[in-house]
Asker: 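Below are the structure tokens for one structure; questions will follow.
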There are 2 protein chains.
Amino acid sequence: MKATIYDIAREAGVSIATVSQVINGKGKISEKRRAEIMEIMERLHYQPSAIAAALTGKQTYTLGLLVPDISNPYFAELARAVEDRSRKLGYSVVICSTDNKDERVERYLNLLQQKRVDGMMIGTGIDNADILAPLLQQSIPVALIARQMPTLSVHTVAIDDRLGGALAAQHLLELGHTHLAVLSEPFKVSSSQERIRGFREQLQQAGHTLAPERIRASSADLHAAKQEVLQLLSDIERPTGLFCCNDIQAIGALQAAKELGLRVPEDVSIIGFDNTILASVTSPPLTTIAQPIEELGRHAVDILIEELKDHNKQPQQKVLKPELVIRESTGPRVER
Amino acid sequence: MKATIYDIAREAGVSIATVSQVINGKGKISEKRRAEIMEIMERLHYQPSAIAAALTGKQTYTLGLLVPDISNPYFAELARAVEDRSRKLGYSVVICSTDNKDERVERYLNLLQQKRVDGMMIGTGIDNADILAPLLQQSIPVALIARQMPTLSVHTVAIDDRLGGALAAQHLLELGHTHLAVLSEPFKVSSSQERIRGFREQLQQAGHTLAPERIRASSADLHAAKQEVLQLLSDIERPTGLFCCNDIQAIGALQAAKELGLRVPEDVSIIGFDNTILASVTSPPLTTIAQPIEELGRHAVDILIEELKDHNKQPQQKVLKPELVIRESTGPRVER
DNA sequence: TTGAAAGCGATACCAC
DNA sequence: GTGGTATCGCTTTCAA
């Protein structure tokens, strides 16, 4: 049914070795034969088996990408960037949603290993760094995206979260806000911690402080975020500026403000993080700290493939800079 | 370096056949041997090569999913549904963004064939149905998701777009709107055509008509949609109800209305389609026709895998029902 | 219960 | 230039 290299060889009256040569453009084959064989491959709709090729030691030209949830716009955009770059370089990508569960991560890691992917990109949280050990031991290239695993020496592409937090603080300060609050992701998320650190440092530099009770945590869930913010904004000492560690949370904040009859930005300025498509569709559109998502994905792929090419020595660490994107959810402080 | 079945066999002092048996839980192996071998596999971090297995005729347990753009929330949510179901059944999925370009579709189709995916799900537009022919010829299971290819007999999972359009019209009519307009995707998109047909039919049943100039088309791009709607709403005979063929366009409409100083829903009621996460984050939140995205993905996977199991005869056609989700972007008509 | 051996579809080295 | 053949890691009869 399916044509194999043998079928082509027989049809052309040559050996499979010769056919293999023309498939891979290697060796010396007379122009005539080459054309002949190509024609036959075409005619028989021949597709060389990547699987058989991989078995002989060739790469699979497949990369794995682990994210918590591909339906989350941030990871969807990241996936797109990764896929685009991969395709351009001749690779395809298997995307896996882990829901941040170590058990799932581990299962996927094994699965991808069995399928002999050439490398893996990890954009999902991992509680126990040990589960990556087997990979490294087998020297399968791994790149972490926007995640830190200080105990491991692996390739890393990340953004400067601390700077991001600082930018947010700076923006709010410049608008005259000094009563500030923060909505964080769960505390174990290191990137959130860094963002908050940067935010707080910037405040301190300006002579302000951030009381611990002004920092609340919630899951990335819209509704949960809204509930937290509802409380934050009901405080008598209502903050006039709120920094959220991702766009979804910022949207929850927007909704909370609305529910309380507060105007954004006149009553509260709200600033998000990520700059996913969500930030541009809210009303008012969200001021946010933009992650260079496309670059993040592109570099991860490049690093991986580079390692595949010349069995890299040193783990690379790339840190990209976030940027402030001003839309309409932040404005100058208004005296009350 | 990497342990193979031979390493395990040698270590256990048995033949590779025996090891293979225990890997696959087949044949009759003494409990003692089985336990012994398992222990050794564990100890050596042995991962059987799925590639070698596939070469012997086993499935690859990999499915392909083609969508126009994985960063679009609708497709991201679909991908998540597909992935979830696939994982549950032991498959992983390769996701490919085609940007609706036939050339890309074709390249991916070939690529996935070479990698011997067990089946493909196609959620991307295809202009020339012929490029699917080779697949069907090779009897590779294919399922179209929310796409129609009338000329081909393939599995199809879709929603009743016409009903969706009708639901939208009905809702608007019930609110008292009779001055209506429609924002469509480009006219070659068949699902949009069906939605509009259903919309129009419902109007006609109620004794109203929809003038051709009240139907505008734009790409799925937020900004393009906004521009179209800006024109629609600037008409002296401004419509009080607007049906958009997807949520992104509806958001463009929301923004256009805002820019014109029109209130939603008091001045214009706007209704979208898809019910992606976007619909819930806008302000006001979007009334929209919900696609059962999760079911769509799940059925596509199920159909494919069912065919893999018992080499199905008849192409299946599954049509799911959309539902009206009322939020706050639609309201009763207000006399002016 | 276990093992020997024939593929699966390609690659690559070595002859000719 | 071209062909013969061992090999990759596993599955699967068929014998023993």
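Every chain is numbered from 1 and lettered A, B, ... according to where its sequence line falls, protein lines coming before strand lines. Reckoned from all heavy atoms, side chains included, excluding hydrogens, waters and symmetry mates.
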Asker: Please collect all salt bridge (charged side-chain N to carboxylate O under 4.0 Å, His left out) contacts where either partner lies in residues 126-155 of chain A, sequence neighbours excluded, each pair once.
Answerer: Asp127(A)-Lys188(A)
Asker: With ring-ring contact (aromatic ring centres under 6.0 Å, His included) as the rule and sequence neighbours excluded, what pairs involving residues 99-136 of chain A come up?
Answerer: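 Non-adjacent pairs meeting ring-ring contact (aromatic ring centres under 6.0 Å, His included): zero.
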Asker: Please determine which of Glu306(B), Glu307(B), His299(B) meets the side chain to side chain donor-acceptor pair (under 3.5 Å) test together with Gln316(B).
Answerer: Glu306(B)
Asker: What are the 5'-most and 3'-most nucleotides of DNA chain D lying under 4.0 Å from any heavy atom of chain A?
Answerer: dG1(D) to dG9(D)
Asker: Return the angle between end axes of the helix from dT1(C)-dA16(D) to dC16(C)-dG1(D), with five pairs used per end and rounding to 10°.
Answerer: 40°
Asker: Please tabulate, one pair per line, all N/O donor-acceptor pairs under 3.5 Å involving side-chain atoms of residues 22-30 of chain A, not counting sequence neighbours.
Answerer:
{"residue": "Asn24(A)", "atom": "OD1", "partner": "Lys58(A)", "partner atom": "NZ", "Å": "2.8"}
{"residue": "Asn24(A)", "atom": "ND2", "partner": "Ser20(A)", "partner atom": "O", "Å": "2.9"}
{"residue": "Ser30(A)", "atom": "OG", "partner": "Arg33(A)", "partner atom": "N", "Å": "3.3"}

Asker: What pairs with Thr60(A) under side chain to side chain donor-acceptor pair (under 3.5 Å), at least two apart in sequence or on another chain?
Answerer: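 Listed in chain order: Asp118(A).
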Asker: Could you pull out all residues at least two apart from Lys88(B) that satisfy salt bridge (Lys or Arg N to Asp or Glu O under 4.0 Å)?
Answerer: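 Residues passing salt bridge (Lys or Arg N to Asp or Glu O under 4.0 Å) with Lys88(B): none at all.
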Asker: Does the distance from a Lys or Arg side-chain N to an Asp or Glu carboxylate O, for Asp99(B) and Arg80(A), drop under 4.0 Å?
Answerer: yes
Asker: Among all residues two or more places apart in sequence or in another chain, which pass the salt bridge (Lys or Arg N to Asp or Glu O under 4.0 Å) test with Glu294(A)?
Answerer: Arg298(A)
Asker: Counting only heavy atoms not in Gln114(A) (residues, nucleotides, ligands), do more than 12 fall under 6.0 Å from its CD?
Answerer: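 Counting other residues, nucleotides and ligands, CD of Gln114(A) exceeds 12 neighbours.
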Asker: List for me each residue that meets side chain to side chain donor-acceptor pair (under 3.5 Å) alongside Tyr91(B), sequence neighbours excluded, and say none if there are none.
Answerer: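 Only Gln59(B) meet the side chain to side chain donor-acceptor pair (under 3.5 Å) criterion with Tyr91(B).
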Asker: Within the distance-only criterion (no hydrogens, no angle test), does the side chain of Lys318(B) pair as donor or acceptor with the backbone N or O of Ile159(B) below 3.5 angstrom?
Answerer: no
Asker: Going 5' to 3' along nucleotides 7-16 of chain C, which nucleotides have protein heavy atoms under 4.0 Å from the base (write B), which only from the sugar-phosphate (write S), and which from neither (write -)?
Answerer: BBBBBB----
Asker: Can you list, by residue number, the residues of residues 31-39 of chain B that have a non-hydrogen atom closer than 4.0 angstrom to DNA chain D?
Answerer: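 Output list: empty, so none.
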Asker: Can I get a per-line list of side-chain donor-acceptor pairs under 3.5 Å for residues 35-44 of chain B, giving both atom names and the distance, sequence neighbours left out?
Answerer:
{"residue": "Glu39(B)", "atom": "OE2", "partner": "Arg43(B)", "partner atom": "NE", "Å": "3.2"}

